[in-house]
Amino acid sequence: MKILVAEPHGMCSGVARALRIAEETLAGHPGETLWCFHELVHNEHVVARLRARGARFVDDLAAVPPGGRVLFSAHGVAPGVRRLAEARGLEVVDATCPFVAKVHREALAFAARGLPIALVGHKGHDEVVGVLGEAPERIRVVETAADVAALREAWPDAREVGVLSQTTVSREMVAARVGELRAAGLEPVLPDARDICTATCQRQDAVRALAARCDRILVLGSRNSSNSLRLAEVARGAGTPADLVASPDDLASLDLGGVSVLGLTSGASTPEDLLQTLRRRLESGAR
Ligand code: SF4
């Protein structure tokens with residue numbers, strides 16, 4: 001079996017930056033707990049490594065003792081979370097990715113113009129929850145065509161709609177929702193620069209090109225990693241079967257019989273050493 005690896009793949013600048021911030025904070029305060037609000041990144045291996053070094057992960061700031069040091073993840077947080085941290089006297093370490101922070105600023109700008117806002121993304125994702133919090137009365141998350149219809153119902157007289165997106169969705173998803181907004185009689189107003197980040201676009205382009213040369217694709221990434229799920233979808237959209245594997249250990253349960261060219265890629269929060277382990281096991285035939 002021939003193995004090809006997508007380029008680029010794996011960890012993006014935003015995740016690398018968040019990890020560096022977390023590691024420097026832990027190293028600078030030995031013996032002290034670093035409270036991480038939600039998973040720092042959506043990768044269970046990264047989370048486990050940080051936990052071993054003194055990080056603790058919470059989904060509610062009430063679990064952080066007053067005066068504690070709290071780290072906001074690359075996915076960003078809603079303004080209400082920042083206010084709560086301040087009210088509780090917490091020391092905030094902010095690892096929000098600059099690409100996510102840009103979407104927050106755009107939400108505020110569209111809201112200031114009085115536009116209804118369609119946020120193309122996945123409901124409940126940490127990044128989406130954070131952006132939604134900037135203007136909850138004006139933003140609707142549009143994940144499906146039904147969500148577009150609901151937005152139209154909420155603003156029956158609107159002519160324009162601001163369109164934002166989660167940084168890790170596919171361009172196909174944004175194009176589909178924009179088309180549906182137009183069909184509903186709303187003129188989309190887009191930000192000056194697209195919201196899907198460069199790392200996401202490059203990794204999706206790479207897996208699309210790789211899919212054309214392979215008869216199966218494996219995406220290494222956690223099941224709650226939006227960008228990893230999208231990589232598998234993009235490969236399937238290009239006509240090649242694709243599987244998301246959370247760990248090299250998952251190989252044991254995969255049937256790769258009949259595959260002659262296998263493509264590998266990894267999500268933006270997947271450590272490179274895991275991909276290399278996966279590759280070595282495939283090349284050696286070890287499962
Ligand atoms: Fe930032 Fe993009 Fe990486 Fe998300 S995927 S952390 S937006 S660079």
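All figures in this text were calculated on a predicted structure; none of them were measured in a lab. Note that ligands are numbered from 1 as they come in the structure, with each ligand's atoms numbered from 1 the same way. Keep in mind that the numbers below use all heavy atoms, side chains included, and drop hydrogens, waters and symmetry copies.
A salt bridge does not link E283 to K2: none of the charged side-chain nitrogens sits closer than 4.0 Å to a carboxylate oxygen. A salt bridge between D195 and K102 is present, with a side-chain N of the basic residue lying under 4.0 Å from a carboxylate O of the acidic one. Ion pair E86/R83 not flagged as a salt bridge, since none of the NZ, NE, NH1 or NH2 atoms sits closer than 4.0 Å to an Asp/Glu carboxylate oxygen.
The side chain to side chain donor-acceptor pair (under 3.5 Å) contacts involving residues 16-30 comprise H29-R69, where partners must be two or more places apart or lie in separate chains.
Under the 3.5 Å distance criterion, with hydrogens and angles disregarded, a donor-acceptor pair is assigned to the side chains of D147 and T144.
Within the protein, the number of N/O/S atoms found under 2.8 Å from atom 2 (Fe) of ligand 1 is 1.
With a 4.5 Å cut-off on side-chain heavy atoms, R140 and P116 do not count as touching.
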